[in-house]
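For reference, the structure is listed below as structure tokens.
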Amino acid sequence: MISSQEQIHPNHFAEPLLSWYDASKREMPWRDCGDPYRIWVSEIMLQQTRVDQATPYFHRFLGHFPTLEALATANRHEVLMAWEGLGYYSRARNLHDAAKTVLSKHGGVFPQTYHEIRALKGIGPYTAAAVASIAFGLPHAVMDGNVIRVLSRYFGIQEDVSLPATKAQIQQLADGLLDTARPGDFNQAVMELGATVCTPKSPLCAGCPLSTGCVAYKTGKTAELPFKAPKKKIPHHQIVVGICVDDEDRILIALRPEDKMLGGLWEFPGGKVEAGESRKEALIRELKEELGVEVMPGLRLCEVKHAYTHFKITLNAWICRIKTGEPEPRPKASKKLRWITSSELTEYPFPKANRKVTEALQTWLENRRKA
DNA sequence: AAACCGGGGTA
DNA sequence: TACCCAGGTTT
């Protein structure tokens with residue numbers, strides 16, 4: 001907590017910050033456009049995603065869906081195709097659902113109050129405050145990873161910032177510092193400072209407009225703040241998948257359930273290798289469980305390593321034939337299957353790890369055709 | 001409060 | 001390798 005003597009006059013914070021922002025801000029395709037749709041899409045893409053990573057996807061997405069109505073009237077498959085590779089696919093599903101809500105419940109006009117914005121799918125406290133302030137000039141302070149870092153250093157907050165109580169304290173500080181004449185610019189300025197100057201490692205304090213009032217800078221503790229409790233180790237799984245090919249070189253793919261991880265994307269059937277089991281044994285077992293048929297693994301096509309947020313995988317893919325006399329593959333409940341040609345692989349959204357497999361597969365098929 | 005949800009950049 | 005990112009939802 002900060003004592004009363006250390007209370008900061010908002011102007012001593014906002015004024016130098018906004019001057020710095022006006023002179024130093026980066027160009028972004030959604031910045032200073034005044035279009036709630038573009039600002040909204042950008043804020044969803046920027047959840048847990050850096051500006052440089054999101055920018056090409058923003059252009060691609062707006063190319064497919066230039067207006068809210070275009071997005072609302074598109075189908076799920078198209079939306080996920082435009083999002084493929086960006087991750088956190090629930091963002092795309094929620095964005096799509098929310099666009100439909102705005103069209104049907106708000107007459108296609110983006111809602112202009114904090115609470116109506118907050119009520120849309122995929123919009124939490126951060127995004128509601130961001131859109132409200134940036135698109136509509138409403139006085140709501142954002143709190144994201146940048147704000148947490150900047151304010152925890154500025155005020156010398158030593159409590160664990162992952163605790164809800166600490167976050168509530170930082171939100172209060174942000175609310176008090178907000179420049180109500182320029183709330184959108186103030187919010188973007190704190191985040192811009194966090195992204196370019198007050199960085200997690202090796203912050204550039206010499207170029208910081210707030211250094212003279214910064215507790216962490218004055219006490220040499222920028223490297224210790226913000227404080228977070230150490231994280232747990234994440235597991236590493238061995239994954240096996242089968243690429244079932246029929247006599248006409250068609251390939252079997254499966255649709256992941258909408259409400260699960262990577263929901264709405266397609267994949268090759270497979271699963272985890274269990275303890276005491278060989279990879280091929282696991283492959284035969286998983287495909288028997290998922291498809292109800294016995295397969296014969298042939299060529300091991302490729303190995304892909306991939307890191308998710310909470311676990312890592314090493315994925316091995318085999319070309320498979322379904323044994324003669326077996327029935328047509330039958331998916332487990334709520335899982336759709338489809339036989340497609342190799343050229344159709346690019347028309348279906350795949351997770352990153354599976355996309356690497358489709359690329360290896362197309363290369364292999366091409367080389368086999370030449371030979 | 002903790003778990004879950006992708007992918008990529010950075011040191 | 002470990003950490004982090006313009007977070008939100010679910011349990």
Side-chain angles (χ1 to χ4, degrees), chain A residues 25-26 28 30-31 39-58 80 83-95 97-98 117-135 140-150 160-168 171 174 184-196 198-203 223 226-236 256 258-265 304-313 349-356:
Chain A
K25 67 179 174 185
R26 295 170 290 178
M28 298 178 196
W30 51 83
R31 182 161 273 176
I39 292 165
W40 170 43
V41 171
S42 75
E43 289 299 342
I44 299 298
M45 286 191 171
L46 290 170
Q47 291 170 3
Q48 298 298 106
T49 306
R50 292 169 201 279
V51 169
D52 289 345
Q53 188 191 351
T55 298
Y57 284 91
F58 180 84
L80 287 172
W83 202 273
E84 189 196 289
L86 196 50
Y88 283 118
Y89 297 93
S90 64
R91 294 184 296 175
R93 300 195 303 269
N94 290 333
L95 183 68
D97 290 342
I117 296 168
R118 172 69 182 81
L120 294 170
K121 283 184 87 173
I123 297 190
Y126 164 78
T127 307
V131 175
S133 63
I134 297 170
H140 295 272
V142 300
M143 182 182 58
D144 73 331
N146 291 302
V147 175
I148 288 170
R149 189 169 53 257
V150 170
D160 184 345
V161 296
S162 62
L163 297 175
T166 313
K167 286 185 179 169
Q171 179 72 62
D185 285 341
F186 175 88
N187 283 332
Q188 294 184 83
V190 184
M191 295 190 284
E192 190 87 354
L193 189 75
T196 63
C198 194
T199 49
K201 291 177 183 173
S202 309
F227 172 75
K228 294 179 188 175
K231 288 176 184 171
K232 294 168 187 168
K233 277 200 171 178
I234 58 175
H236 188 161
R256 296 186 60 88
E258 184 86 358
D259 56 337
K260 297 284 182 59
M261 179 178 170
L262 305 168
L265 279 71
V304 175
K305 291 180 186 296
H306 192 77
Y308 295 94
T309 313
H310 293 87
F311 59 95
K312 296 178 184 181
I313 63 167
F350 284 92
K352 198 69 177 181
N354 273 267
R355 180 55 78 196
K356 289 181 182 170

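Nothing here was measured: the structure is a model prediction, and the numbers come from that model. So you know, we letter chains A, B, ... as the sequences are listed, proteins then strands, and number each from 1.
Annotation: side chain of A:L86 is in contact with side chain of A:R91 (closest heavy-atom distance under 4.5 Å). With contacts defined as side-chain heavy-atom distances shorter than 4.5 Å, the pair A:N146/A:L193 does not qualify. Between A:M45 and A:W83 there is a side-chain heavy-atom pair separated by less than 4.5 Å. Counting heavy atoms from C-beta outward, A:R31 and A:Q188 have side chains that approach closer than 4.5 Å. A:M28 is not listed as a side-chain neighbour of A:T55, based on a closest heavy-atom distance of 4.5 Å or more.
Annotation: B:dA3 and C:dC3 have their P atoms spaced 16 Å apart (nearest Å). Taking the P atoms as reference points, C:dA6 lies 24 Å from B:dC4, given to the whole Å. A distance of about 23 Å separates the P atoms of C:dG8 and B:dG9, rounded to the whole Å. Annotation: C:dT9 and B:dG8 have their C1' atoms spaced 23 Å apart (nearest Å).
In this structure, NE2 of A:H306 is placed 13 Å from P of B:dC5, rounded to the nearest angstrom. Atom-to-atom, CE of A:M45 to C1' of C:dG7 comes out at 15 Å; the value is rounded to the nearest Å. The distance between atom OH of A:Y57 and atom C1' of C:dC5, rounded to the nearest whole Å, is 15 Å. C:dG8 atom C1' lies 14 Å from atom CG of A:D97, rounded to whole Å. The distance between atom CG of A:L46 and atom C1' of C:dG8, rounded to the nearest whole Å, is 15 Å. When the C1' atom of C:dA6 is taken as reference, atom CD1 of A:I44 falls 11 Å away, rounded to whole Å. Atom CE of A:M143 is separated from atom C1' of C:dA6 by 13 Å (rounded to the nearest Å). Atom C1' of nucleotide B:dG8 and atom NZ of A:K305 are separated by 18 Å, given to the nearest angstrom.
Using a 4.0 Å heavy-atom cutoff across all strands shown, A:K232 reaches sugar-phosphate atoms only and no base atom. Within 4.0 Å of A:L262, counting heavy atoms only, lie sugar-phosphate atoms of the nucleic acid but no base atom. Nucleic acid contact class of A:R355 (heavy atoms, under 4.0 Å, all strands): none. A:Y308 comes within contact range of the sugar-phosphate backbone alone, with a heavy-atom separation under 4.0 Å but no base atom that close. Within 4.0 Å (heavy atoms only), A:G194 reaches no atom of the nucleic acid at all. Looking at heavy-atom distances under 4.0 Å, A:M28 makes contact with a base. Across all strands, A:M261 comes closer than 4.0 Å only to sugar-phosphate atoms, never to a base (heavy-atom distances). Nucleic acid contact for A:S90: none, since no nucleic acid atom lies under 4.0 Å from a heavy atom of the residue. Across all strands shown, A:V51 has heavy atoms under 4.0 Å from base atoms, whether or not it also approaches the sugar-phosphate.
A distance of 8.0 Å separates OG1 in A:T49 from OH in A:Y88, rounded to the nearest 0.5 Å. With rounding to the nearest 0.5 Å, the separation of CD in A:Q53 from CG in A:L46 is 10.0 Å.
Nearer to the 5' terminus of DNA chain B, by closest-nucleotide assignment, is the contact made by A:P164 (compared with the other of A:Q48 and A:P164).
Among residues two or more places apart in sequence or in another chain, the side-chain hydrogen bond (donor to acceptor under 3.5 Å, both in side chains) test is passed with A:S162 by A:D160. With sequence neighbours left out, the side chain to side chain contact (heavy atoms under 4.5 Å, CB included) criterion links A:F311 to A:P235, A:H237, A:M261, A:Y308, A:I313. With sequence neighbours excluded, no residue forms a salt bridge (Lys or Arg N to Asp or Glu O under 4.0 Å) with A:R50.
Counting distance only, with no hydrogens placed and no angle test, the side-chain atoms of A:T49 and the base atoms of B:dG6 include a donor-acceptor pair under 3.5 Å. Applying the 3.5 Å distance criterion, the base of C:dG7 shares no donor-acceptor pair with the side chain of A:T127. At a cut-off of 3.5 angstrom, the base of B:dG6 holds at least one donor-acceptor pair with the side chain of A:Y88.
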Exercise answer: donor-acceptor pairs, residues 118-126 of chain A side-chain atoms, under 3.5 Å, sequence neighbours excluded:
| unit_1 | atom_1 | unit_2 | atom_2 | d |
| --- | --- | --- | --- | --- |
| A:R118 | NH1 | A:I123 | O | 3.0 |
| A:K121 | NZ | A:D97 | OD2 | 3.0 |
| A:Y126 | OH | A:E43 | OE1 | 2.7 |

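For the OP1/OP2 pair of B:dC5 and a distance below 4.0 Å, the side-chain nitrogens and oxygens of A:H310 include no atom meeting the criterion. At C:dG7, none of the side-chain N or O atoms of A:Q47 fall inside 4.0 Å of OP1 or OP2 (strictly under the cut-off).
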Please list, pair by pair, any protein nitrogen or oxygen found under 3.5 Å from a nitrogen or oxygen in nucleotides 2-4 of chain C.
| unit_1 | atom_1 | unit_2 | atom_2 | d |
| --- | --- | --- | --- | --- |
| C:dC4 | O2 | A:R50 | NH2 | 3.0 |

Which pairs, protein N/O on one side and nucleotides 9-11 of chain C N/O on the other, fall under 3.5 Å?
| unit_1 | atom_1 | unit_2 | atom_2 | d |
| --- | --- | --- | --- | --- |
| C:dT9 | OP1 | A:G122 | N | 2.8 |

